[in-house]
Amino acid sequence: MNYIIIVAGGKGLRMGTETPKQFLPIGGKPILMRTIERFREYDKNINIILVLPKEQQPYWKTLCEQYDFTIEHQIANGGRTRFESSKNGLSLIPDNMDGVVGIHDGVRPFVSIETIARCYKEAEKTCAAIPVMPITETLRFIDKNGNSKNVFRGDYRSVQTPQVFNITMLKMAYNQAFQASFTDDATVMEQFGCKVSMVDGNNENIKITTPTDLKTAEIFLKET
């Protein structure tokens, strides 16, 4: 059985708005709704868990009524950290459940169906899969003294979501104590001892966090 946990805890600070970024509209519909729709398009039977800060949940309910948004989903409370939010989402999945679960940023509405499929299929085979993209810009490493040097960009990849894992293994991994090195769900699994596989992402799978991203999203929407 497939699950997707969509984490949406943004406050819109970098967007410069009072409205949390996941609720801002693109093409006349809130970003978060478009993200949820993309996973339902991938699998009409997928189990959707939405992680939202408790104080944002009444507004989300109002938006669902306003936009007649009826895709079934469960809601978990957001935590103080991404680690805690993901763990809260996982707690809604029964402990004896077989299958895989994806964890996705709520403000990535343009993940392709092909990217989602690659992640889920790879995780079913290998336990853990993340979508990545090659680096196209020059990179420099800066040490603690402020000195810098060029590094070979071919050694690096940018990481996207959904990050997809075996449910049982991910639940066990999230029983670990939080560490500052846990920058995403994949690092939690790696610390637990699970090798993470990489699959191709897609260029449009941007994380909408700034006004420029919002403008780019409108362009993507017109092209789809």
Side-chain angles (χ1 to χ4, degrees), residues 4-42 46 48-64 66-67 69 71 73 75-86 88-89 102-119 130-137 157-164 183-186 199-224:
I4 181 65
I5 296 172
I6 297 175
V7 181
K11 297 179 180 176
L13 299 179
R14 279 181 287 178
M15 193 67 74
T17 66
E18 292 185 4
T19 303
K21 57 191 177 185
Q22 60 267 22
F23 301 141
L24 294 175
I26 51 174
K29 183 183 296 184
I31 292 170
L32 185 54
M33 291 183 184
R34 293 192 178 277
T35 302
I36 292 173
E37 287 173 343
R38 187 55 58 99
F39 284 89
R40 178 50 57 88
E41 184 181 351
Y42 162 68
I46 198 167
I48 301 168
I49 296 172
L50 177 60
V51 183
L52 275 177
K54 195 170 184 179
E55 64 272 16
Q56 293 180 9
Q57 292 174 20
Y59 184 58
W60 171 247
K61 183 179 180 181
T62 298
L63 285 177
C64 288
Q66 178 182 340
Y67 286 87
F69 188 76
I71 294 178
H73 59 279
I75 296 180
N77 293 332
R80 292 170 296 177
T81 63
R82 174 60 176 261
F83 178 89
E84 188 175 332
S85 292
S86 293
N88 288 351
I103 302 182
H104 188 69
D105 297 321
V107 288
R108 288 186 187 267
F110 298 113
V111 58
S112 70
I113 300 302
E114 293 79 12
T115 294
I116 297 172
R118 284 192 290 268
C119 291
I130 60 174
V132 300
M133 292 294 292
I135 303 295
T136 58
E137 297 182 356
R157 296 290 184 273
S158 63
V159 179
Q160 302 178 340
T161 64
Q163 299 185 358
V164 185
T183 56
D184 63 2
D185 304 284
V199 301
D200 291 336
N202 62 286
N203 285 320
E204 301 81 10
N205 190 14
I206 62 170
K207 188 175 183 180
I208 302 174
T209 57
T210 68
T212 299
D213 296 333
L214 204 58
K215 293 177 182 178
T216 301
E218 292 285 358
I219 294 172
F220 286 161
L221 196 61
K222 291 176 182 178
E223 293 177 347
T224 57

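- Atom CE of M133 is separated from atom CG of N205 by 9.0 Å, given to the nearest 0.5 angstrom.
- At a threshold of 4.5 Å between non-hydrogen side-chain atoms, the residues F69 and I36 count as touching.
- The existence of a salt bridge linking E218 and K215 is excluded, since no basic side-chain nitrogen approaches an acidic carboxylate oxygen closer than 4.0 Å.
- Judged by distance alone, the side chains of D105 and Q160 never bring a donor and an acceptor atom under 3.5 Å apart.
- The CZ atom of F220 sits 10.5 Å away from atom CD1 of I26, with the distance rounded to the nearest 0.5 Å.
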side-chain contact (heavy atoms from CB on, under 4.5 Å) between H104 and V111, worked out: CA-CA 10 Å; H104 188 69; V111 58; 3.8 Å; yes

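- Side-chain contact, R38 with T35: no donor N or O sits under 3.5 Å from an acceptor N or O.
- Of all heavy-atom pairs spanning A8 and G106, the tightest one is CB-CA, 4.3 Å.
- Looking at every heavy atom in both residues, A186 comes nearest to I130 through CB-CG2, 3.9 Å.
- Remark: side-chain polar atoms of R118 are paired, donor with acceptor, to backbone N or O of D200 under 3.5 angstrom.
- Side-chain N or O atoms of R34 include one that pairs as donor or acceptor with a backbone N or O of G27 at under 3.5 Å.
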Derivation of the side-chain contact (heavy atoms from CB on, under 4.5 Å) call for S158 and I135: CA-CA 6 Å; S158 63; I135 303 295; 3.9 Å; yes

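- The shortest distance between side-chain heavy atoms of I31 and L214 falls below 4.5 Å.
- Using a 4.5 Å heavy-atom threshold, the side chains of S112 and E204 count as separate.
- A distance of 11.5 Å separates CD1 in I103 from CD1 in I6, rounded to the nearest 0.5 Å.
- One finds the NE2 atom of H73 at 13.5 Å from the CD1 atom of I4 (value rounded to the nearest 0.5 Å).
- Summarising the geometry of K21 relative to T209, their closest heavy-atom pair is NZ-CG2, 3.4 Å, with the distance given to 0.1 Å.
- Side-chain atoms of R40 and I48, non-hydrogen and from C-beta on, do get closer than 4.5 Å to each other.
- For the residue pair S85 and N88, no side-chain donor N or O sits within less than 3.5 Å of a side-chain acceptor on the partner.
- Note that the CD1 atom of I75 and the NZ atom of K61 stand 9.5 Å from one another [nearest 0.5 Å].
- Ring geometry for F23 versus Y59: interplanar angle over 60°, hence perpendicular rather than tilted (30 to 60°).
- Side-chain atoms of S86 come within 3.5 Å of backbone atoms of R82 as a donor-acceptor pair (strictly under, hydrogens ignored).
- Within the 3.5 Å criterion, the main-chain N or O of F110 finds a donor-acceptor partner in the side chain of N202.
- Across all non-hydrogen atoms, the minimal contact from R108 to V159 is NH2-O, 3.8 Å.
- A distance of 9.0 Å separates SG in C119 from OH in Y42, rounded to the nearest 0.5 Å.
- Considering only heavy atoms from C-beta on, L32 comes within 4.5 Å of W60 through its side chain.
- At a threshold of 4.5 Å between non-hydrogen side-chain atoms, the residues D213 and K207 do not count as touching.
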From CA spacing to verdict: side-chain contact (heavy atoms from CB on, under 4.5 Å), L63, M33: CA-CA 9 Å; L63 285 177; M33 291 183 184; 3.9 Å; yes

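- Nearest approach of G89 to V51, heavy atoms of both residues: CA-CG2, 3.9 Å.
- Looking at heavy atoms from C-beta onward, I208 lies in side-chain contact with P109 at the 4.5 angstrom threshold.
- When only modelled atom types and interatomic distance are considered, Q163 and D184 share a side-chain donor-acceptor pair under 3.5 Å.
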